[in-house]
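Whatever order the structure lists ligands and atoms in, that order sets their numbers, starting from 1.
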Amino acid sequence: MSKQHDDVTTSTGRDQQEETQGQHPGTSRRDFMKLSVGSAGVGAAAAYFAGAASVVKPAMAQLSSKEADKTYVAPGQYDTYYAFKSGGQSGDMRVMGLPSNRLFKRIPVFNFDCCFGWGVTNHSKRLLADAETGEQTKVGDTHHVHLSYTDGTYDGKYSWVNDKARGRLARVRLDYMEVDAITDLPHCQGTHGIFPSRDRINAVYCNSEFRNPMPNDGSLLDEPKKYGCLHTCVDAESMKVRWQVWVDGQLDICATDYHGKYSMATCYNSEEGVNLDQMTAADRDHLTVFNLERIEEAVKSGKDVIHIGDRKDIPVIDGRGKDNRYVLYIPVPKNPHGVNIDPTGTYAIASGKLSPTVSVIPLAKIDDAFAGKIKTPRDCVVAEPEVGLGPLHTAFDGRGNAYTSIFIDSVCTKWNIATAVAGKDPVLQKIDVMYQPGHVNATMSETKDADGKWLMSLNKFSKDRFLSVGPMFPDNDQFIDISSTKEKNMVLVHDAPAYPEPHDAILAWRSIFHPKQIWDPKDRKFDWERNLVAELSKRNGKKLELGKTNEVIREGNKLYAIMTSLAPVYGLQEIRAKKGDEVTVIVTNINAVEDLTHGFCLSGHDINFGVAPQETASVTFTADKKGVWWFYCTWFCHALHLEMRSRFIVS
Ligand code: RUQ
Ligand code: CUA
Ligand code: CA
């Protein structure tokens, strides 16, 4: 069906199109969305999902241009916040500016990226190699980005992001906004929620979502009750696994308190089932809380420490069983998802997902439970208000209010925590979001400095919100103004299509971050190349130096081409190799001007990487094709950029 160009100014253009095509006549767009989501439910969950279809939603209010203007950042002006987003299936992490919602950078993490040469350069290949087999990994699934904390707020030093696809944790150093470490978490599948300690840079806690045999060596296959699931503590600085705790059930989203006492996880499969019916059978699952002090003590003394498989290097504490002293299992309804700690550090909020409720749990009650001062762990829950169908995650404004994303209803619900604790209906406002929100987050929400300015609703479905790009839709990250202190303060101001699928985003003041504009040539990132060149110097009785040397060194069938790039020439006009040589090309960009990046692309060889000012990068490969192969610069660096090319000659 052809449409006139003026249709694009009406938000219902595609709606009419769909109805005319008879796809879902007589059903409003929002109702259809709920029906389509609802029909996904089976077994015990079905009734709950079906109920969602009958809720009638108010029409979306028209936005005045005055409100929309709030996201406008004029040319040449800077945003006031950074947003750090996970990339989901893309396996990357993203850096954006807010309130403009402009995307600045996609930091490659578990994915392949020629801009950085991620998966191409020796540095990135070492990080991406599987810890056990050395195999080059190519696939990632990043969900949760969290920044490092000192004294309960962001210190701008690191960011961490999970890989659900392989059970890994990556660290991004924020001084250069690049990955500098990737850690494989042994015996973990579906590593999902992660959270760093908030009192100081200390540890990052990682949750396995999937239960699997321990060890997973084929000796156990068919007795799922014997599978296990681990909560892993990774040292924030060394990025080494410190310990793991074996739990009952499984672990989904992660949070830590503000004092280094607890990490915690939601558990949606307390049933320890292996299919949907089994996983949704119980009315309550858990918030699983880890007593860090007791665990660290046990790890130190060796008491209660076990080992899994041949990983004798990693202490594992057995946290299974209702009355072990390391792990507390607090019953909460039903297949809970998000857990968030409010900015005062007083409450943990667990979202019900299959229950329309959020559970409010004071951390003081957790103290009591571990001290044996309460009757049953369920007594930790002091309020369980209804907030809508399918609550997933909660953000905070620093004024005592919580904002929970409601998946099935496609709304964001604002509610007051103190009112809920007082036993009254705490809901203050609901606004429609388009559609099916996953995470919601607010500016500085995960810190003691939550400032209550902006909210981002990261919606899984964009449906009719954008020009069609075929059956793979962008997500829709919606930006909501919450700066007013009125009860009903949420105003939707911006739709931002997002390349699938950002799960979570952290919104933080720009003043926290001071990334460098050019590399320090002495940085540890180039240790490998620097050491290699030092050894070559020694062995060959030459004075070779990164950034100065332009020379090809041959040692047997190994060839080392050390060169500079300086706009618009490479330091070597040619590199001559023999077929079968193992060639290492080391490029140092000696331009010291900001934003003057060069690239190195070797025609026909799957080699393409960028080299930022004062950076060194290297690649090692086999010269397996005779002939003349041009290598050329891939970043437009100079008026003579196109002339920046040399020959790789293989005889
Ligand atoms: S999850 S939509 Cu991967 Cu953070 Cu909750
Ligand atoms: Cu160097 Cu283009
Ligand atoms: Ca369950």
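- Contact of the Y149 side chain with the T447 side chain is registered, since non-hydrogen atoms from C-beta on lie closer than 4.5 Å.
- Backbone or side-chain N, O or S atoms of N335 reach the Ca ion (ligand 3) at under 3.0 Å.
- Considering the Ca ion (ligand 3) as centre, the angle to OE1 of E271 and to OD2 of D285 is 120° (10° rounding).
- Atom SG in C188 sits 13.0 Å away from atom CZ in R168 (nearest 0.5 Å).
- Inter-residue side-chain proximity for P502 and R94 is flagged as met; some heavy-atom pair is nearer than 4.5 Å.
- The part of H144 lying near ligand 1 is the side chain, judged by heavy-atom distances below 4.0 Å.
- Y268 lies close to the Ca ion (ligand 3), since one of its N, O or S atoms is found at a distance under 3.0 Å.
- None of the N, O or S atoms belonging to H192 lies under 2.8 Å away from atom 4 (Cu) of ligand 1.
- Ring pair H144/H192 is tilted by interplanar angle, where 30° to 60° counts as tilted.
- Here CG of N608 is found 11.0 Å from OG1 of T121. Values are rounded to the nearest 0.5 Å.
- Listed by number with element, the atoms of ligand 1 under 4.0 angstrom from any heavy atom of H503 are 3 (Cu).
- Because the distance cut-off is set at 2.8 Å, H393 qualifies as a neighbour of atom 5 (Cu) of ligand 1 through one of its N, O or S atoms.
- Using a 4.0 angstrom heavy-atom cutoff, I253 counts as in contact with ligand 1.
- Within the listing of ligand 1, atoms 2 (S) sit less than 4.0 angstrom from a heavy atom of G438.
- Within the 4.5 Å cutoff, the side chain of Q250 has no heavy atoms near those of the F210 side chain.
- A heavy-atom distance below 4.5 Å is found between the side chains of I607 and F600.
- Annotation: side chain of W160 is not in contact with side chain of V172 (no heavy-atom distance under 4.5 Å).
- Using a 4.0 Å cut-off to heavy atoms of H143, the atoms of ligand 1 that qualify are 3 (Cu).
- Atom NE2 is the N/O/S atom of H337 found closest to atom 5 (Cu) of ligand 1.
- Residue contacts to the Ca ion (ligand 3): T280 brings no N, O or S atom closer than 3.0 Å.
- Within 6.0 Å of atom CD in E574, more than 12 heavy atoms from other residues, nucleotides or ligands are found, so the atom counts as buried in its surroundings.
- Contact annotation: H439 places an N, O or S atom under 2.8 Å from atom 4 (Cu) of ligand 1.
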